[in-house]
Amino acid sequence: MPTVQSGNLSVVATPIGNRDDLSPRAVATLRAADVIAAEDTRHSRPLLLHHNVDVPLVALHEHNEREAVDALVRRMLDGQSVALISDAGTPLVSDPGYRLVRAARAAGIRCVPVPGACAAIAALSVAGLPSDRFVFEGFLPPKAAARRTRLQELASEPRTLIFYESSHRVAESLVDMRDVFGGAREAVLARELTKLFETVLGEALSELAARVAGDPDQQRGECVILVVGRGEETDARLAEGQRVFALLREELPPAKAAKLAAAITGAPRKSLYEAS
């Protein structure tokens, strides 16, 4: 095992929108760093100024990561502290930084997580979809054929699926998901999380795709799409059916309550009635 050196690398999560979501520990870590490696220094500087962080910035992005890593590792081996941030959220989650963390660990440099915002987890927390098991897919391929191929590979995945998508492709991706997964599959679009126009829409894919296609406002900003896993949609309908059945059962005979609950939620009538 490499000998641990005196420098260190702090991987610092930054806000996905609301600047006040930067934790006190993150602020202290950034202020104490000798240098901050940022995905886009121009983007990060206003956030750092807002929190009175006056530390030199260097760029670390997908186009220069290989070259920048060596210089940053040398600085840490010389005893300096480096903080890694991305434009928003947790670094390395669909953002640069993997090569730096891997190189630092290989050199025996201590890597410290400073947790905070992550758009995928924030969206999952309010989606109302099964959250005990999930798969983060990041961005789908930009070209339609490759995107559909990847979706077909995921069609049988039983866990909740989480995707990032750009604003100018979100409508197309929802249509592809509808066509591949089926229009009845439950999905959620979480858009502009923690920002002024934050929106969380949950509907069947057929309805969600149509709604987004018909509303240009839902095709703006940062988007997270969550889709319930195969098989889980049946469980979700049954759970909702049982909830509605229990309410109707207070006023109606079991058979009629089960019939109405099944019609409202799509849950199997027989399962609702037998549960009574």
Side-chain angles (χ1 to χ4, degrees), residues 16-17 89 93-94 118-244 261-268:
I16 57 176
V93 181
S94 286
C118 175
I121 301 303
L124 182 65
S125 73
V126 295
L129 300 182
S131 56
D132 54 335
R133 298 187 305 149
F134 58 89
V135 178
F136 176 66
E137 278 291 311
F139 286 94
L140 286 165
K143 294 187 178 180
R147 184 168 59 241
R148 294 188 194 112
T149 296
R150 183 58 187 146
L151 290 173
Q152 288 164 358
E153 294 169 349
L154 295 167
S156 297
E157 172 58 58
R159 295 167 291 183
T160 297
L161 296 159
I162 305 177
F163 305 92
Y164 287 166
E165 192 51 277
S166 66
S167 56
H168 61 276
R169 282 197 300 268
V170 63
E172 297 175 14
S173 289
L174 285 169
V175 169
D176 288 340
M177 290 176 188
R178 178 201 66 194
D179 294 344
V180 173
F181 295 152
R185 187 86 71 97
E186 188 178 358
V188 169
L189 172 64
R191 190 181 62 84
E192 290 292 84
L193 291 173
T194 79
K195 300 176 185 177
L196 180 62
F197 297 105
E198 176 181 278
T199 306
V200 180
L201 303 176
E203 298 175 287
L205 269 171
S206 59
E207 298 168 356
L208 186 59
R211 181 170 180 175
V212 172
D215 185 353
D217 286 340
Q218 300 306 324
Q219 301 174 39
R220 301 176 188 274
E222 305 293 330
C223 302
V224 184
I225 302 172
L226 305 95
V227 183
V228 74
R230 184 175 181 181
E232 293 285 2
E233 71 268 27
T234 300
D235 294 340
R237 282 199 299 269
L238 181 58
E240 180 64 6
Q242 291 170 337
R243 185 187 72 82
V244 173
I264 292 169
T265 65

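Just so you know, these numbers come straight off a predicted model, no measurement behind them.
Pairing each heavy atom of L193 with each of A119, the nearest pair is CD1-O, 3.8 Å. Here the closest heavy-atom approach between residue A184 and residue A204 is recorded as O-CB, 4.0 Å. Counting all heavy atoms, side chain and backbone alike, V227 lies closest to R185 at CG1-CG, 3.5 Å. Listed here is the closest heavy atom pair of C118 and V93: SG-CG1, 4.3 Å. When all heavy atoms of A122 and I16 are compared, the closest pair comes out as CB-CD1, 4.3 Å. Here the shortest heavy-atom pairing between A127 and V188 reads O-CG2, 3.5 Å.
In terms of the side-chain hydrogen bond (donor to acceptor under 3.5 Å, both in side chains) criterion, residue partners of E137 (sequence neighbours excluded) are, by chain and number, R150. Every residue was checked against the salt bridge (Lys or Arg N to Asp or Glu O under 4.0 Å) condition with E222, not counting sequence neighbours, and none meets it. Evaluation of the ring-ring contact (aromatic ring centres under 6.0 Å, His included) rule for Y164 yields F136, F139 as partners, not counting sequence neighbours. Considering only residues two or more places apart in sequence or on other chains, E203 meets the salt bridge (Lys or Arg N to Asp or Glu O under 4.0 Å) condition with R211. Every residue was checked against the salt bridge (Lys or Arg N to Asp or Glu O under 4.0 Å) condition with R178, not counting sequence neighbours, and none meets it. For R220, the salt bridge (Lys or Arg N to Asp or Glu O under 4.0 Å) test picks out D217, with sequence neighbours left out.
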Task: Audit row: E192, T199, side-chain contact (heavy atoms from CB on, under 4.5 Å) steps and yes/no - done: CA-CA 7 Å; E192 290 292 84; T199 306; over 6 Å; no
- [ ] Please step through side-chain contact (heavy atoms from CB on, under 4.5 Å) for the pair F181 and L161, ending with a clear verdict.
- [x] CA-CA 11 Å; F181 295 152; L161 296 159; 3.9 Å; yes
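The side-chain heavy atoms of F134 and I121, taken from C-beta on, include a pair separated by under 4.5 Å. With a 4.5 Å cut-off on side-chain heavy atoms, L189 and C223 count as touching. Contact check for M177 versus L140: side-chain heavy atoms found under the 4.5 Å cut-off.
Remark: the backbone N or O of G17 is paired with a side-chain donor or acceptor of T194 at under 3.5 angstrom.
From L154, atom CG reaches atom OG1 of T149 across 11.0 Å, with rounding to the nearest 0.5 Å.
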